[in-house]
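Since the structure is predicted, the reported quantities are computational estimates derived from the model, not experimental observations. Below, chains carry the letters A, B, ... as their sequence lines are ordered, and counting in each starts from 1.
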Amino acid sequence: MKYWLFKTEPDAFSIDDLVNAPEQTEPWDGIRNYQARNFLRDEVDVGDLVFIYHSSCKQVGIVGLAEVVKSGYVDHTQFDPEAKYYDPKSSREKPRWYMVDIQFSQKFSQLLPLSIIKTMDDIKEIGLVKKGHRLSIMPVQKTEFEALLSRCENKA
DNA sequence: GCCAACGTTGGC
DNA sequence: GCCAACGTTGGC
């Protein structure tokens, strides 16, 4: 099992939207970055755990946990000229972009702010704390995942 | 809204 | 294949 962190802008899609989604499950579409795509297509597996992270908003940080329920498949929105993430250079014969489905697992009673994550002694590798790392899909080491998770859950 | 740090594009 | 220009991300 692997661990991930997915960024989302809560104005577009928040943890509460995931809670309210049918079966609390949502396709994670719209990823248009090759490195992130490679993770979605090749490495994210059913059963992997995913931190949901709110970015570009007032309170930036980890807000909840989800589980992967469907591994990489073609993101059909790339073929739809009406869609926000339409990619005219992609084709059905050679699709460029992939997505996975995730299901809500839990919402933490308090958001774990990025500012706190940056001060945690045992959190040194996650992309969030590294300069200039902007990937919206990033792997999380098991040890760091566990440290972050316990920090989130102990903050009742 | 600013701006630093990336990623992508396209001319050569 | 280089690299300048441009677009995007995302914290602050």
Side-chain angles (χ1 to χ4, degrees), chain A residues 2-21 26-44 48-66 68 72-102 104-141 143-145 147-155:
Chain A
K2 293 190 287 290
Y3 306 91
W4 306 93
L5 181 141
F6 289 6
K7 288 181 188 172
T8 182
E9 297 187 14
D11 289 343
F13 187 83
S14 74
I15 185 80
D16 294 320
D17 293 324
L18 183 59
V19 169
N20 293 321
E26 185 78 10
W28 208 257
D29 62 6
I31 300 299
R32 298 292 183 267
N33 169 283
Y34 287 106
Q35 227 181 320
R37 186 281 310 270
N38 291 344
F39 287 134
L40 291 179
R41 188 188 57 188
D42 305 331
E43 298 199 45
V44 177
D48 287 358
L49 297 180
V50 179
F51 279 133
I52 303 299
Y53 176 93
H54 282 177
S55 68
S56 297
C57 57
K58 276 188 180 170
Q59 277 214 301
V60 171
I62 295 172
V63 292
L65 189 66
V68 177
Y73 63 107
V74 174
D75 179 349
H76 54 83
T77 66
Q78 68 194 296
F79 307 124
D80 177 4
E82 306 291 313
K84 183 179 177 189
Y85 294 106
Y86 175 59
D87 182 353
K89 293 180 182 169
S90 186
S91 69
R92 290 180 188 275
E93 293 73 31
K94 271 198 148 185
R96 275 188 178 179
W97 308 114
Y98 287 75
M99 61 186 178
V100 301
D101 288 355
I102 63 169
F104 174 77
S105 175
Q106 61 170 308
K107 179 180 176 179
F108 302 125
S109 53
Q110 279 189 298
L111 167 148
L112 179 61
L114 177 61
S115 56
I116 298 294
I117 297 171
K118 284 179 170 170
T119 67
M120 291 171 66
D121 286 338
D122 41 1
I123 305 298
K124 293 286 180 243
E125 294 302 318
I126 190 172
L128 286 180
V129 303
K130 292 195 167 179
K131 187 180 82 168
H133 232 260
R134 308 180 314 184
L135 273 184
S136 56
I137 303 288
M138 66 178 74
V140 183
Q141 291 181 0
T143 52
E144 295 200 349
F145 182 89
L148 289 165
L149 182 59
S150 68
R151 181 77 184 233
C152 287
E153 290 178 332
N154 288 341
K155 266 192 150 187

Between P of B:dC6 and CG of A:N33, the distance in whole Å: 13 Å
Distance in angstrom units between A:Q35 CD and B:dC6 P, rounded: 12 Å
Nearest-angstrom distance from the residue atom NE2 of A:H133 to C1' of B:dA4: 16 Å
Rounded distance in Å - OH (A:Y85) to P (C:dT9): 7 Å
Side chains of A:W28 and A:T8 in contact at under 4.5 Å (non-hydrogen atoms): yes
Side-chain touch A:R37/A:R32, heavy atoms, less than 4.5 angstrom: no
Rounded distance in Å - CG (A:L5) to C1' (C:dG10): 14 Å
Distance flag, aromatic centroids of A:Y34 and A:W97, threshold under 6.0 Å: yes
Residues A:D101 and A:Y73: side-chain donor-acceptor under 3.5 angstrom: yes
Separation of C:dG10 C1' from A:F6 CZ (nearest whole Å): 18 Å
Phosphate contact (C:dG10 OP1 or OP2) by A:K7 side-chain N/O below 4.0 Å: yes
Those residues of residues 49-58 of chain A lying under 4.0 Å from DNA chain C by at least one heavy atom: A:Y53, A:S55, A:S56
Pair A:Y3 and A:F51, ring centroids less than 6.0 Å apart: no
Whole-Å gap separating C1' (C:dC12) and CD (A:Q59): 14 Å
Any A:Y98 side-chain heavy atom under 4.5 Å of A:D75 side chain: no
Selection from B:dT9, C:dC12, B:dT8 that lies nearest to any side-chain heavy atom of A:K89: B:dT9
Closest nucleotide among C:dG11, B:dA5, B:dT8 to the A:R134 side chain: B:dA5
Gap between atoms CD1 and P, on A:I62 and C:dG10 respectively (whole Å): 15 Å
Close side-chain approach of A:I52 to A:I102, heavy-atom, < 4.5 Å: yes
Distance test, side-chain N/O of A:K118 to OP1/OP2 of C:dC12, below 4.0 Å: yes
